[in-house]
Amino acid sequence: MAETTEETEVVPLVDHVREELLGTLTSHLGDAIVASHIKPGDELWIRVTTEGWAEVADVLRNRLNFLFFDFVSAIDWLPSPYGREMDAQVDTIVAAANGEALDAKPPEEMVQGYAGGDTRFQVFGRVLNVVDMLGLIIKADVPDTLVVPSWIAHYPGANWHEREVHEMYGISFDGNADMRNLYLPGDFEGYPLRKDFPLLARRVKPWPGIVDVEGMPGDDADDEADDTDAAEGDA
Amino acid sequence: MISSVLAVELAYWQQTTLRVIGGLVAILLPAGGLVYVYLFKMMSFMQSRLGPMEAGPYGSMQLLAEVGKFLQKEDIIPTKADRFVFLGAPFVVLLSTFLLLLVVPFGPDAWFVDLDTGIYFAMAVSSISVIGILMAGWGSSSKYSLLGGIRAAGQLIAYELPMILAVLGVVIQAGTLNMNEIVFAQANGEIFGWGGIGNPYIITQFVGFMLFLVAIQAELTQPPFDMPVAESELVAGYMTEYSGLRFLLFFIGEFATAGVFSAIAAVLFLGGWYVPFLAPEHNLYNVLGPLVLMAKIFGVAGLIFWFRFTYPRFREDQLQRLAWKFLIPIALVNIVATGVLKVVF
Amino acid sequence: MTATTGANERDQLAYIAAKAADSRVNVELETEGMTLNIGPQHPATHGTLRIVARLDGEQVISADPVMGYMHRGYEKLTEVRTYPQVTTLINRIDWLGSFANEVPFILAAEKLMEVEAPPRAKWIRTILFEMSRIANNLLGLGDMAAQLGAVTPVFYAFRDREYVLNQVEAVTGGRFHPNFDRIGGLKDDIPAGWIASTKDSMVKMREAADELESLVFGNEIFTARTRGIGIIPAEVALEYGMSGANLRGSGVDWDLRRDAPEGMAYNEADWKVWTHPDGDSYARAWVRLQEMREGTYIVDQLLDSLPSGPVMAKVPRIIKVPEGEAFVETENPLGVMGYYIVSKGDLVPFRVKIRSASFNNIAVVPWVLKGVYVPDIISILASLYFILGDIDR
């Protein structure tokens, strides 16, 4: 994302700019940084402790000149108990062919993405230094109390993002008093973006787009067969 | 005048009927004409579209369709509205328009009332519409209407002053308040001793004419001074809660007032029913006069609507600043200059 | 640019006005405040944005945008659609610049799959991207004039936008929702004769820009209504995450087209990033106009240098994206739009965070509307230029 043109010409295996940034951050934050991940020439991910979530914003905004606030959001790492919501039909066919029961599929494990993690929920955000065109993604685990510190003292623009996270995931932000619903009706129950929140449209009606019908250019034959193969291999 | 049409003596009730019909024609004909020619067609051509084309030849019957549409609509009265005030407001606005028309001369012998204080009367009754608009704004019990009504009140009062001051220049030059005599004064006037085209006051009172145009633009609450109805801010301002017939009345009132104000501007600055090279005493004016005046009305209204379709809108405080800091001082200077020149020449 | 573009006098005045409106609530006169609900049904909110404004007379004490009347839950819906199906959805985010919506998502997926579109696809992508910017900015400017009470320019904007939309339609088959971008390239090549007709339409767009400039920007009332109104200092714009013409109107020289051109062909054209130091409504609209004109030059140059070759790279028939996370943002017509894709190696994304431009651009509204007058609410909102679908997603 944030590379300059020289970097694209020779993709470095070691991204010195981001290594340096990580070093600077570590010197400022110390133990608050739990883990990090660098994709050379692309992006830096760091994971901070829950307590360090506000501190890292403070350091980035006030000391390192990361003035541009990009976004704050959250992620639910729980594997969806409903599969892809489109499994229903495919799985029935496959399961019937193999003589298996539908529920026999073993539950997937919860695997956190880059920079790891220990909890089901993580908040993540991105800030940017527009002078150097350098951004980074900050992640933090969300404890079971579902409360993390707020960013609004350092990035006022985070307010709406935190409100959105609150209504979609039920995560509260300590220091942001304005936790009204942003999108949903005031009396809405449940947290829609959690993985265990069912997408009702898919419950009541089979998904017509389950078969990707569009043929590739020069690939007009055996579309049906391809799709079935893929679906079987996938299931 | 009407008492002896075609040398026939008419009874009082016949005169009254004729006056009512004449009044309605004098209000509705320019109003309808302005809506069709300017709102429907000129605006459409300016915006590179055709406007109404289906109803009648070249869409000329569209107006009837619109009126029919408005008449069919439900007359909605908001629950919390102040009923009496809400219902009466459109009529007060229309009343002001009709009263304005009273003193406009259509020919040397064609007028409704020949008041010696004609222009003074016109300026006075034009402010009645403020009351109607305030009534609408208050009676609707809607915040948009209220804001629109208050804005309109502030604006109309602020622009009354430059309008009257602009008219004063003409009055000083003509030496009369009677509107028909103002026409005669222009018709018999001379430009440095040459009386060929009379002396339409637009030449000597050009500043006054411009001030008057700006002021009537504001009085009509048309862009760039349409804050009271500002449709992108206040939905429709004081008209927000009106529907059906009552909205139609406001609508007619708006365009009829545009027509009447254009008529007054034509009388004051363009020589009214007079055309050059035809002596004002000529008998032909009994027929020609109203037509000439109508043509001049459309000319002035063309300017008004041209501004309307071109300009964005001022903000309320900018409007007040324009009135008090620019228009009124200029008008005062104009009056002083006119007075001095009147004494000198 | 220095990130804190100096607290010049104007910035300070804006700060002071905001602070004064905070403290000066009805101390002089014991008047009663009024709460004005602007929207969700209102002529000026293009869609269903609602602004709850607390007024003291005509002055705004506080303004709070309320949205969600059109929330469609795209972040949830993307989790149950395959990658090619997602582009259909995200077309509808910013419906006036819909091709531009697809691009960052496709680029993020390409990054995860480590495929690269062939040069010709990159070129056409960039051309269509700029064309959606031209159409979008043109309509935005016409609309801004309409919000300020000038009824005529918006019709010119609608009329001239057709030239661009017709060209987009000729390539993609869709005027508003092309759904044309694919992982690894484009659905089709451009039709025959398209280059010449596009150049003609770009000439017309430049004429439209000139016309708009003289009609709107040359108008004293427009200037009086926008100059010095709704000043957003660079620092505030950055910390609220404003982007696009709104940020450049505050004097921040930052454009992802120049600063992060991966996957696009912007480096191949000679063009300029326009900024304006004032940060007021006029500056934002002015930058938008310049970007529209600059866009026509970019399109012209790219059409001249269009390379030959295929428009589609080799990608598997069934698109499975390897496990990983990627974030790509591009400089869309409304501002920076980004997609954060988390993939679990499946046919569908595990999580897609949509970072849309208008959401951040409008977040500044409570700050900037403090102390302004009611008419300025409308002009400031129009100058920020948002699409409701881009806020609600």
Side-chain angles (χ1 to χ4, degrees), chain A residues 1-5 8 39 42-43 45 61 65 67-71 73 75-76 79-80 84-86 108 111 113-114 124 126 129-131 133 135 137 154-161 164 168 181-185 192-193 195 197 199 201-202 207 209 212 214 216-217 219 226-227 230 234, chain C residues 1-4 66-68 71 73 75-77 79-82 84-85 111 187-188 235-236 238-243 247 252-254 259-262 267 312 317-320 323-329 336 338 340 342 344 346-348 350-351 353 355 359-360 362-364 367 392-393:
Chain A
M1 186 72 248
E3 64 201 329
T4 55
T5 34
T8 18
K39 242 190 192 178
D42 181 16
E43 193 77 88
W45 281 263
R61 164 84 174 78
N65 230 13
L67 297 178
F68 182 76
F69 167 76
D70 212 338
F71 67 86
S73 188
I75 186 164
D76 178 3
S80 172
R84 300 195 310 258
E85 295 276 2
M86 61 166 61
E108 294 175 51
V111 181
Y114 291 163
F124 66 105
R126 188 169 192 268
N129 185 336
V130 293
V131 184
M133 210 24 235
I137 286 167
H154 312 296
Y155 296 104
N159 182 14
W160 284 13
H161 293 255
E164 191 191 355
M168 294 296 172
N181 277 0
L182 191 67
Y183 289 135
L184 302 172
L193 277 184
K195 288 283 178 184
F197 188 91
L199 185 60
R202 289 293 168 81
W207 168 231
D212 198 1
E214 190 191 0
M216 299 289 287
D219 179 27
D226 276 1
D227 283 329
D234 202 46
Chain C
M1 148 240 145
T2 52
T4 49
V66 179
M67 55 268 199
H71 185 57
E75 292 187 10
K76 184 83 178 171
L77 292 175
E79 292 174 8
V80 293
R81 274 167 169 74
T82 61
Q85 286 167 347
K111 190 181 264 187
K187 182 174 174 292
D188 278 320
E235 201 179 326
V236 174
L238 283 168
E239 65 192 15
Y240 275 94
M242 288 172 67
S243 51
L247 186 62
V252 182
D253 187 11
W254 179 57
D259 298 333
E262 292 89 347
N267 279 346
M312 193 74 190
R317 171 73 187 83
I318 301 290
I319 288 173
K320 264 190 171 182
E323 196 163 339
E325 299 176 25
F327 180 72
V328 169
E329 48 188 6
V336 167
Y340 189 90
V342 181
K344 289 277 188 184
D346 207 345
L347 288 171
V348 298
F350 183 75
R351 163 103 173 91
K353 159 70 188 166
R355 188 261 189 232
F359 185 69
N360 278 31
I362 291 303
V364 80
W367 187 88
D392 277 3
R393 302 194 298 269

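Letters go in sequence order (proteins before strands), and every chain restarts at 1.
In this structure a side-chain-to-backbone donor-acceptor pair under 3.5 Å is present from C/N360 to A/D70. The closest donor-acceptor contact from the side chain of C/K76 to the backbone of A/K195 lies at 3.5 Å or more, if one exists at all.
Not counting sequence neighbours, the partners of A/P156 by the side chain to side chain contact (heavy atoms under 4.5 Å, CB included) test are C/E239, C/Y240. Scored by the salt bridge (charged side-chain N to carboxylate O under 4.0 Å, His left out) test, A/D76 finds A/R120 as partners (sequence neighbours excluded).
Taking NE2 from C/H71 and CG from A/L182, the interatomic distance works out to 9.0 Å, rounded to the nearest 0.5 Å.
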Inset, instruction - List the steps, then state whether salt bridge (charged side-chain N to carboxylate O under 4.0 Å, His left out) holds for C/E235 with A/R61. - result: CA-CA 11 Å; C/E235 201 179 326; A/R61 164 84 174 78; 3.7 Å; yes
Inset, instruction - Walk me through it: do C/M67 and A/W160 pass the test side chain to side chain contact (heavy atoms under 4.5 Å, CB included)? - result: CA-CA 11 Å; C/M67 55 268 199; A/W160 284 13; 3.2 Å; yes
Inset, instruction - Take A/Y183 and C/V66 through the test side chain to side chain contact (heavy atoms under 4.5 Å, CB included) and record every step on the way to the result. - result: CA-CA 8 Å; A/Y183 289 135; C/V66 179; over 6 Å; no
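Only the side chain of C/Y340 comes within less than 4.5 Å of a heavy atom in chain A; its backbone stays farther off. Looking at A/H161, both its backbone and its side chain come within 4.5 Å of chain C, counting heavy atoms on both sides.
Inter-residue side-chain proximity for A/I75 and C/K353 is flagged as unmet; no heavy-atom pair is nearer than 4.5 Å. Inter-residue side-chain proximity for C/R355 and A/S73 is flagged as unmet; no heavy-atom pair is nearer than 4.5 Å. Residues C/E75 and A/E164 are in side-chain contact: their nearest non-hydrogen atoms beyond the backbone lie under 4.5 Å apart. Put simply, the side chain of A/M133 reaches to within 4.5 Å of the side chain of C/W254, judged on heavy atoms. Residues A/F124 and C/F327 have side chains not in contact (no heavy-atom distance under 4.5 Å, counting atoms from C-beta outward).
Interface summary for chain A: among C/L77, C/I362, C/V364, the most heavy-atom pairs under 4.5 angstrom belong to C/I362. Of all the listed residues (C/V342, C/D392, C/V336), the one sharing the greatest number of non-hydrogen pairs under 4.5 Å with chain A is C/D392.
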